[in-house]
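Take a look at the structure set out below.
Keep in mind that this is a model prediction, so the values were computed, not measured. Just so you know, these numbers use all the heavy atoms, side chains as well, and skip hydrogens, waters and symmetry mates.
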2 protein chains.
Amino acid sequence: MSGYDLKQILDHSTAHFWHAHHSQIYTNLRQMEEEGLVTSQFIQEEGQPNRRIYHVTEMGKAALKGWLDRPMQEMSPIKEELLVRLFFSGQRESHQIIAELQHQRRLHLQRLKEYENITVRMGDEKKPIELERESRFWHATIQLGLRYEKAYLEWLDETIQMVESL
Amino acid sequence: MSGYDLKQILDHSTAHFWHAHHSQIYTNLRQMEEEGLVTSQFIQEEGQPNRRIYHVTEMGKAALKGWLDRPMQEMSPIKEELLVRLFFSGQRESHQIIAELQHQRRLHLQRLKEYENITVRMGDEKKPIELERESRFWHATIQLGLRYEKAYLEWLDETIQMVESL
DNA sequence: CTGCTCATGTAATAGGTTACATGATTGC
DNA sequence: GCAATCATGTAACCTATTACATGAGCAG
């Protein structure tokens with residue numbers, strides 16, 4: 001597929017746990033072509049925009065397999081800017097902190113609803129038995145998203161209350 | 001304080017939501033000095049290693065305050081490598097996926113216990129009333145850590161079961 | 001004719017990791 | 001004598017973001 005296609009697919013599938021800008025995708029595809037992981041063909045059609053279509057090579061497939069065969073040894077590191085801000089909020093005014101937490105609450109609630117819509121669209125969240133093997137893994141990534149957003153929202157409510165009580 | 005001190009403090013307070021390597025700290029402190037946010041004095045004492053001590057300037061304080069005054073508009077983006085791996089696990093053997101998830105389970109359980117020890121050391125998690133304003137915010141960051149690790153562990157158990165049933 | 005989507009790229013900069021490199025002191 | 005801790009830094013590289021830049025087609 002093309003860089004543009006890849007970007008669309010990323011935005012509609014992995015965006016909640018891994019994202020990339022189009023500039024990164026285009027440059028990385030070119031790099032991967034130099035490394036022999038993919039090949040490309042430039043397609044010019046009348047009435048259609050130009051596209052550069054990439055195909056994965058055997059080397060590319062082997063590289064992906066090689067990566068999957070080396071299991072993660074560490075936990076993914078976390079960078080949560082809101083916690084940095086909260087950590088340094090000792091001198092801030094409570095109402096400003098509360099406003100910021102409430103804004104985050106709205107965002108996380110919206111995200112939770114998006115995940116809930118996805119699971120509803122996939123069928124019943126309690127019966128993923130009928131799904132194909134590949135879909136199950138994608139379903140699992142959404143499940144972590146759901147749990148994460150629920151936990152985050154509970155924490156936001158608890159923390160808003162805490163700041164209100166100061 | 002010195003770059004070394006800063007690294008120690010980061011490692012023992014914010015490491016669970018924000019970390020930095022010493023190389024990054026040293027280079028950024030130098031940069032901040034050029035920008036006038038901090039000043040430094042090099043200290044040579046007999047029987048003591050050399051240290052470069054930094055002091056924040058009024059400009060530096062204003063910059064921090066300015067940053068805190070501009071509330072976050074977006075959610076912190078997430079990069080969760082384990083989910084990327086799971087997403088592409090359609091062709092992997094179940095027992096390898098399970099082994100990887102179980103290893104992550106051990107890591108997250110350990111992390112949860114660390115957070116629990118911290119809250120126990122801070123007193124009773126249910127009575128943070130006596131804490132000072134600043135400590136409350138730090139306490140809040142640990143609370144999100146607790147909720148996050150609990151949610152993550154529940155998801156790991158659910159997902160391990162799902163893969164076992166394939 | 002205006003704005004949106006499709007489609008591709010480059011350049012400059014910022015942020016972050018790993019490896020290289022040195023040297024003193026302290027405890028076993 | 002050796003390992004660990006204290007203490008500082010640079011260099012190379014990789015990863016990622018933001019801005020710059022172009023152009024076609026389509027819908028209102």
Original post:
On a plain distance test, is the side chain of A:S2 in donor-acceptor contact with the base of C:dT8 below 3.5 Å?
Top reply: no

**OP:** Please determine if a side-chain N or O atom of A:H21 lies less than 4.0 Å away from the OP1 or OP2 oxygen of D:dA16.
**Re:** no

Subject >> Note, A:R51 side chain near A:D5 side chain (heavy atom, < 4.5 Å) >> reply: yes

Original post:
What nucleotide, of C:dG9, D:dC6, C:dT17, holds the atom closest to the side chain of B:Y4?
Top reply: D:dC6

Original post:
Tell me: CG of B:L29 to P of D:dT10, nearest whole Å?
Top reply: 12 Å

Subject >> salt_bridge(A:K61, A:E58) N-O dist < 4.0 Å >> reply: yes

Original post:
Between B:Q41 and B:H55, is any side-chain donor less than 3.5 angstrom from a side-chain acceptor?
Top reply: yes

**OP:** Verify, without hydrogens or angle tests, whether A:E149 (side chain) and A:R111 (backbone) share a donor-acceptor contact under 3.5 angstrom.
**Re:** no

Subject >> Atom-to-atom span, CG of B:N50 to C1' of C:dT25 - whole angstrom >> reply: 12 Å

**OP:** Specify the separation, in whole Å, of atom CD1 of B:I43 and atom C1' of C:dA24.
**Re:** 17 Å

Subject >> Nearest-nucleotide pick for B:R51, side chain only, options being C:dG9, C:dA7, D:dT8 >> reply: D:dT8

**OP:** Ignoring backbone atoms, test whether B:K7 places a side-chain nitrogen or oxygen under 4.0 Å from the OP1 or OP2 oxygen of D:dA7.
**Re:** no

**OP:** Specify the residue among B:R52 and B:P77 whose closest nucleotide of DNA chain D lies further upstream toward the 5′ end.
**Re:** B:R52

Subject >> Candidates C:dT17, D:dT17, C:dG16 - which lies nearest the side chain of A:S23 >> reply: D:dT17

**OP:** Over 60° means perpendicular and under 30° means parallel, so classify the ring planes of A:Y148 and B:Y148, tilted if in between.
**Re:** perpendicular

**OP:** Calculate the interatomic distance between A:Q44 atom CD and C:dA7 atom C1'; express it in whole Å.
**Re:** 13 Å

Original post:
So, is A:Y26 near the phosphate of C:dG9, with a side-chain N or O under 4.0 Å from OP1 or OP2?
Top reply: no

Subject >> For atom OH of A:Y54 and atom C1' of C:dA7, their distance in whole Å >> reply: 12 Å

Subject >> Atom pair distance, as rounded to whole Å: CD in B:Q24 and P in D:dT15 >> reply: 16 Å

Original post:
Which residue, B:R30 or B:K79, contacts DNA chain D at a nucleotide closer to its 5' end, judged by nearest heavy atom?
Top reply: B:R30

Original post:
How long is the line joining NE2 of A:H22 and P of D:dC20, in whole Å?
Top reply: 13 Å

Original post:
Separation of A:L6 atom CG from C:dC6 atom C1', in whole Å?
Top reply: 15 Å

